[in-house]
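Everything below concerns the one structure shown next.
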2 protein chains.
Amino acid sequence: MRKNPIVQRETLGAAVLQIRSGRATSRTTLAKALGISPSTTGLYVDHLIAERYLNESGLNQGPMGRPRRLLTTQADAGWFAGVEFNAQRIQAVGVDFSGTLKSTVETLLPADVLAEQVMKSILCCVAKLAETMQGPLLSVGLGVPGLVDAHAGVGLYYAFIADWKQVPVVEILGSKLNVPVILQNNLRAIALAERWFGIGHGLNDYVILGPRSGFGVAMVQNGRVIEGAHHVAGEIGRWPWPLTGGADGGQELHHALSAPATWRRLAGEGGKGALPEDLRGALAALADSSGPEWDAVCADYARVIGLLHMIIDTGVFILHGPLTMLGERFCHSVTEAACSLMPVLRGVGLQVVPSTLGDNAGALGAASQAMEAWAPA
Amino acid sequence: MRKNPIVQRETLGAAVLQIRSGRATSRTTLAKALGISPSTTGLYVDHLIAERYLNESGLNQGPMGRPRRLLTTQADAGWFAGVEFNAQRIQAVGVDFSGTLKSTVETLLPADVLAEQVMKSILCCVAKLAETMQGPLLSVGLGVPGLVDAHAGVGLYYAFIADWKQVPVVEILGSKLNVPVILQNNLRAIALAERWFGIGHGLNDYVILGPRSGFGVAMVQNGRVIEGAHHVAGEIGRWPWPLTGGADGGQELHHALSAPATWRRLAGEGGKGALPEDLRGALAALADSSGPEWDAVCADYARVIGLLHMIIDTGVFILHGPLTMLGERFCHSVTEAACSLMPVLRGVGLQVVPSTLGDNAGALGAASQAMEAWAPA
DNA sequence: TGGGGTTTTTTCGCATTCGAATAAAAAGCC
DNA sequence: GGCTTTTTATTCGAATGCGAAAAAACCCCA
């Protein structure tokens with residue numbers, strides 16, 4: 001038996017992440033991924049297997065040489081909770097240690113809900129998840145709307161919950177749950193969700209488009225989410241925005257490209273009245289439409305995407321939120337419009353794609369945060 | 001005497017950087033800055049002093065306790081070359097080991113110059129610098145116009161030198177000079193120059209505005225220059241740009257905000273003819289002007305800055321190039337215009353400032369690259 | 001002048017981490 | 001089947017880097 005050294009928490013966590021994500025499958029590949037020597041890696045893996053976080057699951061024969069001893073995460077070693085909320089509802093997911101989504105809980109919030117109530121409901125959701133999950137809760141990720149100081153663990157401001165100002169979320173939840181709590185803006189959490197559960201798997205540079213009640217983006221640059229010096233990077237909803245084809249100047253991007261606004265514009269005369277109950281459904285019904293309204297909406301999206309692309313040069317734009325219901329065709333139209341509006345963009349691999357994740361992308365992203373932050377005790 | 005271990009090149013380089021930049025002044029502060037233990041730091045410092053890269057220069061008494069033994073870089077331990085060029089000229093600077101600018105060389109290039117000639121002239125400039133500098137040449141930084149693959153060390157494309165396509169600059173110069181050669185886009189090099197020689201000293205997030213013959217920006221996020229997935233981050237010159245107050249649609253940002261275009265707009269009727277020989281001087285003469293042209297130019301700049309700020313949330317915009325001649329007043333006007341155009345920007349500490357670096361900012365930035373990349377043999 | 005307090009630097013033993021060599025496990029080949 | 005070749009995992013000695021404690025250097029105050 002090998003000697004049993006004291007190993008570094010952080011490195012253990014990183015090792016588990018590599019195995020879970022499939023970027024490393026054996027001791028040697030793990031050594032390369034972590035940038036540490038094979039001998040040390042062996043010690044770490046031994047430790048993780050002894051603690052029942054990893055196990056060996058067969059061999060993988062390459063074209064030649066000794067086969068690699070495949071490493072996998074032990075699914076029942078514990079679980080991660082991911083929670084996202086807005087003024088209307090809380091969504092929570094339970095993810096097992098292997099990174100598989102196992103359980104989902106959704107709770108509607110009453111109108112004019114306050115911060116304290118939200119916190120309580122979140123605890124309630126996590127408790128409900130716990131009933132269905134195996135092993136101990138390891139950490140909790142939280143996707144918070146509005147302005148967030150992820151580092152400090154504080155929700156700074158959210159317009160649609162009256163007293164949501166400077167809420168020390170990590171402190172509040174951490175003391176109740178006794179596990180690490182990791183905060184992030186919900187759109188930036190979605191960016192992580194795409195890495196773990198969606199299209200962003202091998203991508204290092206992409207942008208999340210988040211048209212909901214407003215419009216914001218989250219940018220991933222070289223594998224890192226851009227936070228900004230004041231935590232407001234990507235909050236472009238208040239850009240002045242002259243609608244393409246429209247006459248009204250002095251508007252803001254929010255009013256042009258939010259999900260409700262987009263529906264109104266696409267629905268034409270039918271969009272004059274109140275918003276439909278089921279906005280996603282209503283948008284899905286418009287997925288095949290065309291005409292000047294369609295073209296105008298596409299042109300507006302195209303312009304935003306073009307501008308963004310030329311600033312941060314990412315390439316892939318992943319559309320989230322209700323507008324994914326407009327489908328691939330919409331995304332194609334936008335890509336096309338962007339290229340014809342800004343010919344430079346041809347040939348740089350610009351693409352707009354609808355997210356394959358559903359409504360719970362935010363919660364999944366929060367769970368991803370939890371996974372990334374975890375390290376064994 | 002302490003034992004004499006084999007130390008890590010990289011860490012030695014990082015240590016020198018910390019001392020040179022003044023972020024660390026003694027063994028203990030250096031240990032904190034590098035994130036290694038004081039005991040190990042002592043060994044590294046011993047090594048660097050023995051190799052004559054550092055020396056001790058007196059004591060610094062704090063309010064209490066043992067005084068720190070101040071560490072400084074040995075100015076004559078060697079020197080770094082920084083070179084920048086465009087289609088008209090080469091600028092080269094020599095910086096001693098303490099990071100002080102010691103020597104400058106400028107060479108004009110003939111019209112229709114080709115890549116090979118540029119390479120030769122660069123070597124010539126470096127040779128000229130060498131005559132005035134002490135110690136061995138340690139590394140060379142190069143600020144290259146156009147598209148650059150910094151990692152690969154290849155100049156990808158530059159419109160104003162006919163055969164500047166896929167030029168393996170690092171390979172060519174490295175083999176002649178036998179020292180490390182580090183490449184970067186010239187605007188991004190300027191971003192580094194601001195860190196070492198200008199306003200960006202303690203800043204982690206800022207944007208360089210580079211209006212010259214075109215318009216581009218370089219963005220620093222959390223201390224890192226944003227490169228983009230295809231090396232074109234910040235190349236926003238080809239944004240469609242409806243001039244504020246003007247009627248002509250279908251233009252591009254280049255045509256609205258480049259240095260010549262700005263002069264033309266500000267000069268009004270006087271700007272119809274040919275460009276003045278001395279554009280910087282001509283712009284300086286307009287620094288006190290006002291009227292609708294002035295306001296329109298400020299509004300255009302304001303809009304660009306506002307958009308950028310809301311995307312990447314940096315805060316400080318440093319103006320470079322000929323337009324710095326318009327002075328503080330111009331920058332103030334732009335800041336004001338941005339805040340009145342986008343009221344959200346009030347109170348987020350948005351500021352536009354003219355660079356204090358002169359015409360050779362690019363070369364200084366290239367030298368900064370060289371310094372940052374160097375590590376003892 | 002000498003002791004207590006404080007901060008920086010060094011000493012010293014220990015052990016984590018590495019490197020190189022070795023062992024292990026399989027394929028291909030005669 | 002034994003041989004080489006190739007790749008993966010482990011062993012083992014060496015040493016780099018760390019932590020704790022000691023030493024050094026200065027202040028202040030009696």
Side-chain angles (χ1 to χ4, degrees), chain A residues 1-15 18-19 22-51 53-72 375-377, chain B residues 1-16 18-19 22-51 54-72 375-377:
Chain A
M1 191 54 194
R2 256 183 280 202
K3 63 178 169 176
N4 196 6
I6 298 162
V7 287
Q8 307 218 6
R9 263 173 53 82
E10 254 181 53
T11 313
L12 287 173
Q18 297 291 331
I19 301 293
R23 267 173 300 202
T25 56
S26 69
R27 286 162 172 79
T28 311
T29 51
L30 181 58
K32 271 188 204 118
L34 293 176
I36 60 181
S37 73
S39 39
T40 311
T41 307
L43 294 175
Y44 274 84
V45 169
D46 283 355
H47 181 90
L48 286 168
I49 290 177
E51 300 277 324
Y53 291 122
L54 296 183
N55 54 12
E56 296 191 336
S57 58
L59 302 177
N60 174 268
Q61 181 60 55
M64 230 179 271
R66 177 173 173 174
R68 28 189 87 163
R69 298 164 66 180
L70 290 180
L71 299 169
T72 45
Chain B
M1 190 54 195
R2 256 183 279 199
K3 62 178 170 176
N4 196 6
I6 298 162
V7 287
Q8 306 216 5
R9 262 175 54 83
E10 255 181 52
T11 312
L12 287 174
V16 170
Q18 297 290 331
I19 301 293
R23 267 174 300 204
T25 56
S26 68
R27 286 162 173 78
T28 311
T29 51
L30 180 58
K32 271 189 204 116
L34 293 176
I36 60 181
S37 74
S39 39
T40 310
T41 306
L43 294 175
Y44 275 83
V45 170
D46 283 355
H47 181 89
L48 286 168
I49 291 176
E51 300 277 325
L54 297 183
N55 55 10
E56 296 191 337
S57 58
L59 301 177
N60 173 267
Q61 181 60 55
M64 231 179 269
R66 176 173 175 172
R68 28 188 89 163
R69 298 165 68 180
L70 290 181
L71 299 169
T72 44

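Residue numbers begin at 1 in each chain, while the letters A, B, ... track the order of the sequences. Just so it is clear, the values below take in all heavy atoms, side chains as well, and ignore hydrogens, waters and symmetry mates.
Here the P atom of nucleotide D:dT10 and the OH atom of A:Y44 are 16 Å apart, to the nearest Å. Protein atom CG of A:N60 is 16 Å distant from nucleotide atom P of C:dA25, rounded to whole Å. The CZ atom of A:R66 sits 9 Å away from the C1' atom of D:dT7 (whole-angstrom rounding). Atom CG of A:L59 and atom P of C:dA27 are 11 Å apart (whole Å).
Nearest nucleotide to the A:Q61 side chain, out of D:dA25, C:dA27, C:dA24: C:dA27. Closest to the side chain of B:R27, out of C:dT10, C:dT17, D:dT8, is C:dT10. Of the listed nucleotides (D:dG17, D:dA9, C:dT17), D:dA9 has the atom at the smallest distance from the side chain of A:S26. The listed nucleotides are D:dC26, C:dA26, D:dT10; the one nearest the side chain of A:R69 is D:dT10.
Using a 3.5 Å distance cut-off with no hydrogens or angles, the side chains of B:S39 and B:S37 do pair a donor with an acceptor.
In this structure, the side chain to side chain contact (heavy atoms under 4.5 Å, CB included) partners of A:A33, at least two apart in sequence or on a different chain, are A:Q18, A:A24.
Between A:T41 and A:P63, the residue anchored closer to the 5' end of DNA chain C is A:T41, taking for each the nucleotide with the nearest heavy atom.
Residue A:T28 is classed as a sugar-phosphate contact, given heavy-atom separations below 4.0 Å to backbone atoms only.
Between B:S39 and C:dT10, a side-chain N or O to OP1/OP2 separation shorter than 4.0 Å is absent.
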